[in-house]
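Take a look at the structure set out below.
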Amino acid sequence: MNFLLTASGLRNETLRDALRDMLGKPFGSANVVFVPTASVADSGDHGWVVADMNRLHGLGWKEFDILELNGLPQQMVLDRLLHADVVYVEGGNHYHLARSITGNGLADGFLEALQSRVYVGVSAGSMIFSRNLTGHSADVIGDATDLHVLGATSVEPPFGLFDWYLKPHLYSPDFPERDDAWADRITARADFPIYFIDDETAVRVRDGKADVVSEGRWRFHP
């Protein structure tokens, strides 16, 4: 399985080149499916979703599909994933995204689809693969409010592939509180490894091995 786990999408040429390399063919010869599910649980202006979708669409795909994980028959969702070469999962509320996958019985089929496809995550879409995506990590990270707004106090990790946790938007002007002091406070109480990445960075996972591709800044705390 091939993962490119970004904070804010394919914002720079280094990240786009990483995707080209993982895909192994031009974007114009490939199908992409865009999954906005996590974003719909966020309130307020969604111009950032439109901007990211337009940036992705502008890469010139053979086919650009949009797929919501809720409300459709399970097999239809899985068939649409299987039709794509790249599965691109947008940001928003990662707990809503995780609960949408488990609640709709999609986890096993989703993983099967990813065996021969490239997965690109954006923020929330990059956070759902950790086995440490739990109510405990919500308290450690300090985003339990995003879980409680869904009327929930716990979450089941849909995949549990990695022991490390990914936290996006380090140093981002859209999240001014996410500086080194913020990261230090989290790592001081965390009992699991964490990648902190900025909006120009991705964690790349190929055949189970993780590395970082970046035109920006990042931190890893084992």
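Just so it is clear, the structure is predicted and the values come from calculations on it, not from any experiment.
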Practice item. Measure the CZ-CG distance between Arg178 and Asp198 for me, rounded to the nearest 0.5 Å. Key: 12.5 Å

**Study point:** Closest contact, heavy atoms only, Phe159 versus Ala107
**Key:** CE2-O, 3.6 Å

Point to revise | CA sep, side-chain torsions, deciding dist, call: Asn104, Asn70, side-chain contact (heavy atoms from CB on, under 4.5 Å) | key: CA-CA 7 Å; Asn104 290 309; Asn70 293 296; 2.8 Å; yes

Check your understanding: Under the ring-ring contact (aromatic ring centres under 6.0 Å, His included) criterion, do Trp182 and Phe196 qualify, and how do the steps go?
Key -> CA-CA 11 Å; Trp182 166 81; Phe196 296 92; 5.5 Å; yes

Revision key, fill the gap. Looking only at heavy atoms, the pair that brings Pro36 and Glu90 closest together is CA-CB, 4.1 Å

Review point. Can you tell me if Asn132 and Ser137 form a side-chain donor-acceptor pair at under 3.5 Å?
Key: no

Check your understanding: What pair of heavy atoms forms the shortest contact from Ala124 to Ala38, and how long is it?
Key -> CB-CB, 3.9 Å

Review point. Judged by atom type as modelled, is there a donor-acceptor pair below 3.5 Å linking the side chain of His46 to the main-chain atoms of Asp42?
Key: yes

Practice item. Using atom types as modelled and distance alone, determine if a side-chain donor or acceptor of Gln74 lies under 3.5 Å from a backbone N or O of Gly105. Key: yes

Review point. Would you say the side chain of Leu166 lies within less than 4.5 Å of the side chain of Phe129, judging by non-hydrogen atoms?
Key: no

Exercise for review: May I ask whether Tyr195 and Met127 are part of the same hydrophobic cluster, defined by side-chain heavy atoms of I, L, V, M, F, W, Y residues being less than 4.5 angstrom apart, directly or through others?
Suggested key: yes

Check your understanding: Is it true that Leu67 and Val87 fall in one hydrophobic cluster, defined by side-chain heavy atoms closer than 4.5 Å?
Key -> yes

Exercise for review: Inspect the contact between Asp180 and Arg219 and indicate whether a charged nitrogen and a carboxylate oxygen are less than 4.0 angstrom apart.
Suggested key: yes

**Study point:** Main-chain N/O of Asp146 paired with His148 side-chain donor or acceptor, under 3.5 Å
**Key:** no

Check your understanding: Is Thr37 reaching over with its side chain to a backbone N or O of Leu69, donor-acceptor style, under 3.5 angstrom?
Key -> yes

Check your understanding: For the hydrophobic clusters of this structure (ILVMFWY residues joined by side-chain heavy atoms under 4.5 Å, transitively), does one cluster hold both Leu150 and Val89?
Key -> yes

Check your understanding: When the ring centroid of Tyr88 is compared with that of Tyr119, is the distance short of 6.0 Å?
Key -> no

**Study point:** CA sep, side-chain torsions, deciding dist, call: Asp184, Arg189, salt bridge (Lys or Arg N to Asp or Glu O under 4.0 Å)
**Key:** CA-CA 9 Å; Asp184 289 342; Arg189 57 181 182 260; over 6 Å; no

Study note, to complete from the structure: In terms of heavy-atom contacts, Ala7 and Val122 come closest through O-CG1, 3.7 Å

Point to revise | salt_bridge(Arg80, Glu68) N-O dist < 4.0 Å | key: no

Check your understanding: Does the pair Asp191 and His136 meet the rule for a side-chain hydrogen bond (donor to acceptor under 3.5 Å, both in side chains), with working shown?
Key -> CA-CA 10 Å; Asp191 52 359; His136 168 65; 3.1 Å; yes

**Study point:** Nearest-0.5 Å distance, CG of residue Leu15 to CG of residue Leu19
**Key:** 9.5 Å

Check your understanding: Hey, are the side chains of Met22 and Arg204 touching, using non-hydrogen atoms and a 4.5 Å cut-off?
Key -> yes

Review point. So, do Val32 and Asp65 sit near enough that their side-chain heavy atoms are less than 4.5 Å apart?
Key: no

Review point. Side chains of Val149 and Asn93: does their closest heavy-atom pair fall under 4.5 Å?
Key: yes

Review point. Does a side-chain heavy-atom distance below 4.5 Å link Ser130 with Trp164?
Key: no

Point to revise | Leu170 vs Thr201 side-chain heavy atoms within contact, under 4.5 Å | key: no

Practice item. Please report the C-alpha distance between Thr153 and Leu147 in whole Å, then the side-chain angles of each, then the deciding distance to 0.1 Å, and finally whether the side-chain contact (heavy atoms from CB on, under 4.5 Å) criterion is met. Key: CA-CA 6 Å; Thr153 57; Leu147 181 58; 5.5 Å; no

Practice item. Output yes when a side-chain donor or acceptor of Arg217 lies under 3.5 Å from a complementary backbone atom of Glu200, and no otherwise. Key: no

Review point. After noting the C-alpha distance and the side-chain angles of Arg11 and Asp52, does the key distance pass the side-chain contact (heavy atoms from CB on, under 4.5 Å) rule?
Key: CA-CA 9 Å; Arg11 294 273 294 261; Asp52 193 44; 5.8 Å; no

Check your understanding: Please walk me through it: do Arg20 and Glu13 pass salt bridge (Lys or Arg N to Asp or Glu O under 4.0 Å)?
Key -> CA-CA 10 Å; Arg20 288 188 188 95; Glu13 196 60 32; 2.8 Å; yes

Review point. Closest approach of Leu4 and Ala202, non-hydrogen atoms and distance?
Key: CD1-CB, 3.8 Å

Check your understanding: Does Val118 belong to the same Ile/Leu/Val/Met/Phe/Trp/Tyr cluster as Val212, with side-chain heavy atoms less than 4.5 Å apart forming each link?
Key -> no

Point to revise | Glu215 backbone acceptor or donor facing Thr14 side chain under 3.5 Å | key: no

**Study point:** For Val33 against Ala84, the heavy-atom pair lying closest together
**Key:** CG1-CB, 3.5 Å

Check your understanding: Considering residues, nucleotides and ligands other than His57, do more than 12 of their heavy atoms fall under 6.0 Å from its NE2?
Key -> no

Exercise for review: Could you check Arg117, Lys25, Lys62 and say which one makes a salt bridge (Lys or Arg N to Asp or Glu O under 4.0 Å) with Asp85?
Suggested key: Lys25

Exercise for review: Mind checking the OG-CG spacing from Ser39 to Leu97? Nearest 0.5 Å is all I need.
Suggested key: 10.0 Å

Practice item. Output the distance between atom OG (Ser8) and atom CZ (Arg55), rounded to the nearest 0.5 Å. Key: 7.5 Å

Check your understanding: Should we say atom CD of Glu112 is surrounded by more than 12 heavy atoms from elsewhere, each under 6.0 Å from it?
Key -> no

Revision key, fill the gap. Here the gap from Ser123 atom OG to Ile197 atom CD1, rounded to the nearest 0.5 Å, amounts to 8.5 Å

Review point. Going through the checks in order, is the side-chain contact (heavy atoms from CB on, under 4.5 Å) test met by Ile141 and Tyr165?
Key: CA-CA 10 Å; Ile141 300 295; Tyr165 195 95; 3.9 Å; yes

Practice item. Would you check if His94 and Leu133 make a side-chain contact, meaning some heavy-atom pair closer than 4.5 Å? Key: yes

Review point. Side chains of His169 and Asp199: do they bring a donor and an acceptor to under 3.5 Å?
Key: yes

Review point. So with a 6.0 Å cut-off around CG of Asp108, is the heavy-atom count from everything else above 12?
Key: no

Review point. Are Ile194 and Leu5 joined in one hydrophobic group, where the rule is that I, L, V, M, F, W and Y side chains link up if heavy atoms are under 4.5 Å apart?
Key: yes

Check your understanding: Tell me, do Lys167 and Asp143 make a side-chain contact under 4.5 Å, heavy atoms counted?
Key -> yes

Point to revise | Under 3.5 Å donor-acceptor, Thr6 side chain and Gly121 backbone | key: yes

Exercise for review: Could you check whether the rings of Trp61 and Phe27 sit parallel, tilted or perpendicular, using 30° and 60° as the cut-offs?
Suggested key: tilted

Review point. Do the ring centers of Phe162 and Phe3 come within less than 6.0 Å of each other?
Key: yes

